[in-house]
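What follows is a short report on a single structure.
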Amino acid sequence: MAVERSEVLVVGGGNAGISLAARLLRDGFDEVTLVAPQPVHRYKPLLNYVGAGEASMSELERPMADVVPDGCRWIRDAVVAVDPAAMTVRTRGGRTLHASTLVLCPGLVEDWEATPGLQQAYADGWAASTYVPGSTPQVWPRLSALRSGTVVFTVPPEPASCAPTALKPLLMACDSWRRAGVLADLDVVLVLPEATATRLPEADEHLEQTFTRYGVRVLREARIEHVDWDVHALHVRTPAGTRVLEDVAFAHAVPHYRAPRWIADAGLAADPAPGLVDVDPETLRSRRHGSIWAIGDAADLATRPSGGALRKQVDVLAKNLAAVRKGKRLTRYDGYTVMPITVTRRKLMLNEVDREGRPSPSVPLIDPFKARRWQWLFDRHGLPQVYWRRILRGKV
């Protein structure tokens with residue numbers, strides 16, 4: 001089969017891939033090819049609101065064909081191998097694609113093997129999460145029906161896509177249970193992979209107060225080791241030893257994640273597990289191959305991944321690809337990220353910081369760690385419109 005060639009080949013059809021392709025076309029790149037297998041594109045931040053009964057799946061999904069930018073060649077196929085030396089990509093369908101510039105933004109994949117029994121618990125219906133789209137519609141019906149018993153929420157260990165936002169379903173559910181008068185009858189357990197929720201002292205101070213207000217029992221530096229799916233039991237490893245949470249009514253248990261294995265197989269990762277693309281976190285360029293770049297969840301950028309971070313990464317990468325063309329100096333990415341967390345059903349804290357954890361508010365002179373109603377309104381209603389109308393069109 002003949003090798004198919006393009007100037008820029010983008011792997012991944014999520015926020016990063018679509019918005020970057022659109023931006024490059026707007027910036028004058030002629031041959032931009034996108035490789036992505038999925039037929040549906042999702043605005044993932046709304047999944048948390050579906051899990052709280054605040055949104056529907058139809059609001060966050062669009063046919064992929066409707067979001068691929070005009071002028072971009074879309075190859076609906078999955079990547080299975082990359083040859084960095086030859087600058088080629090091989091797809092599941094047997095195609096060989098050559099690129100002068102290769103951008104990797106495939107996102108992460110669920111690592112079900114890391115938590116034995118969890119996938120069976122999903123299939124059995126007593127575990128689900130807003131991180132797994134197929135299970136998301138089950139979350140709110142199960143949470144809203146609870147009146148007593150043990151309910152468990154987890155924040156996934158990194159790498160994961162904006163892991164602290166896994167607190168959104170927990171805190172919105174607690175607010176709902178409090179309003180319904182049943183919160184006191186529930187044993188709400190939160191499993192954190194680290195000592196605190198965000199590693200940001202200002203944010204964690206507010207969150208700890210919120211956990212206390214709702215009566216959430218927090219297991220710190222902990223993670224689910226395995227699941228006895230048939231008896232609704234979770235074995236949780238903690239610094240003090242393994243604890244067994246029995247007779248769990250429902251678990252919002254987020255699976256662990258890893259990068260697609262073909263990244264490490266191609267020698268593009270610093271470590272085989274989790275296998276993130278080894279790039280200069282400031283320029284977004286591969287440390288090993290000058291014509292390979294990466295952004296998004298599968299790139300090792302020394303910052304917490306998020307949609308807000310992608311807006312900055314796309315801008316920096318587009319400028320750097322143009323700079324390479326013209327022999328100019330590269331732009332630097334400061335690691336900006338944002339971790340929006342709802343503390344009630346109508347208030348949200350943004351938690352905007354740079355790579356060093358310093359406050360980096362989009363609106364000058366405001367405290368990015370204070371929960372506000374207008375921030376919730378923008379996160380729930382304003383930002384999705386910005387996403388569909390501007391971000392995916394390369395205008396931000």
Side-chain angles (χ1 to χ4, degrees), residues 3-38 41-43 62-79 82 84 87-89 91 95 97-107 263 268 277 279-286 289-299 301 305-334 336 386-396:
V3 176
E4 303 171 58
R5 301 180 183 276
S6 60
E7 181 182 8
V8 180
L9 182 63
V10 179
V11 177
N15 180 346
I18 297 292
S19 54
L20 177 65
R23 172 67 181 271
L24 294 178
L25 289 165
R26 292 178 67 85
D27 287 354
F29 285 79
D30 296 324
E31 297 178 12
V32 178
T33 300
L34 180 76
V35 184
Q38 64 268 35
H41 181 93
R42 295 185 178 94
Y43 176 59
R62 300 283 189 280
M64 181 67 79
D66 290 353
V67 300
V68 173
D70 292 339
C72 178
R73 180 187 177 207
W74 174 33
I75 296 177
R76 187 179 167 185
D77 206 342
V79 169
V82 173
M87 287 295 289
T88 58
V89 165
T91 72
R95 300 168 82 159
L97 313 173
H98 177 274
S100 300
T101 298
L102 178 61
V103 180
L104 304 178
C105 42
I263 293 174
L268 293 171
V277 184
V279 296
D280 180 325
E282 294 187 339
T283 66
L284 315 178
R285 194 177 208 170
S286 168
H289 301 276
S291 296
I292 298 179
W293 310 72
I295 56 175
D297 297 350
L301 299 176
S306 70
L310 280 178
R311 293 196 297 276
K312 300 283 188 175
Q313 292 167 24
V314 166
D315 181 59
V316 170
L317 182 51
K319 290 176 178 175
N320 284 348
L321 295 185
V324 168
R325 273 178 149 190
K326 301 172 183 177
K328 294 187 175 181
R329 189 174 182 176
L330 299 183
T331 299
R332 301 277 167 174
Y333 168 52
D334 68 359
Y336 168 89
V386 174
Y387 182 79
W388 297 116
R389 298 178 182 184
R390 296 193 61 80
I391 293 174
L392 287 190
R393 298 179 183 180
K395 296 180 180 181
V396 174

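The first residue in the sequence is number 1, and the count goes up from there.
Smallest separation of non-hydrogen atoms from Ile295 and Val314: CD1-CG2, 3.9 Å. When all heavy atoms of Ala298 and Ile263 are compared, the pair lying nearest together is CB-CD1, 4.2 Å. Contact between Trp293 and Thr283 at its shortest, heavy atoms only, is CZ3-O, 3.4 Å. Of all heavy-atom pairs between Asp297 and Gly107, the closest is CB-CA, 4.3 Å. Residues Ala309 and Tyr333 approach most closely at CB-OH, 3.6 Å, considering heavy atoms. When all heavy atoms of Gly12 and Ala36 are compared, the pair lying nearest together is C-CB, 4.2 Å.
Residues Val324 and Arg285 form a side-chain contact, since some pair of their non-hydrogen atoms from C-beta on lies under 4.5 Å apart. The side-chain heavy atoms of Lys395 and Arg26, taken from C-beta on, include a pair separated by under 4.5 Å. Inter-residue side-chain proximity for Met87 and Ile292 is flagged as met; some heavy-atom pair is nearer than 4.5 Å. Between Leu97 and Ser6, the closest side-chain pair of non-hydrogen atoms is not below 4.5 Å. Counting heavy atoms from C-beta outward, Val103 and Leu321 have side chains that approach closer than 4.5 Å. Residues Arg62 and Leu392 fail the side-chain proximity criterion, which asks for heavy atoms closer than 4.5 Å.
The distance from the CD1 atom of Ile75 to the CD atom of Glu4 is 5.0 Å, given to the nearest 0.5 Å. Distance check, rounded to the nearest 0.5 Å: CG of Leu317 to CG of Leu284 gives 5.5 Å. If you take NE2 on His98 and CG on Leu9, they are separated by 10.0 Å, rounding to the nearest 0.5 Å. The structure places NZ of Lys328 at 12.5 Å from CG of Asn320, a figure rounded to the nearest 0.5 Å. Between atom CE of residue Met64 and atom CZ of residue Arg42 there is a gap of 9.5 Å, rounded to the nearest 0.5 Å. One finds the CZ atom of Arg95 at 6.5 Å from the CG atom of Asp77 (value rounded to the nearest 0.5 Å).
Stacking of Arg325 on the aromatic ring of Phe29 is recorded, both the 6.0 Å distance cut-off and the 45° axial limit being met.
We find that Asp315 and Arg23 are joined by a salt bridge, their nearest charged nitrogen and carboxylate oxygen being less than 4.0 Å apart.
By the neighbour-count criterion of 12 heavy atoms within 6.0 Å, atom CZ of Arg389 is sparsely surrounded, having that number or fewer from other residues, nucleotides or ligands. Atom CG of Asp66 is surrounded by more than 12 heavy atoms from other residues, nucleotides or ligands within 6.0 Å.
Using cut-offs of 30° and 60° for the angle between ring planes, the Tyr43 and Tyr387 rings count as tilted.
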side-chain contact (heavy atoms from CB on, under 4.5 Å) evaluation trace for Ile391 with Ile18: CA-CA 9 Å; Ile391 293 174; Ile18 297 292; over 6 Å; no

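Distance alone, capped at 3.5 Å, places no donor-acceptor pair between the Arg332 side chain and the Glu282 backbone.
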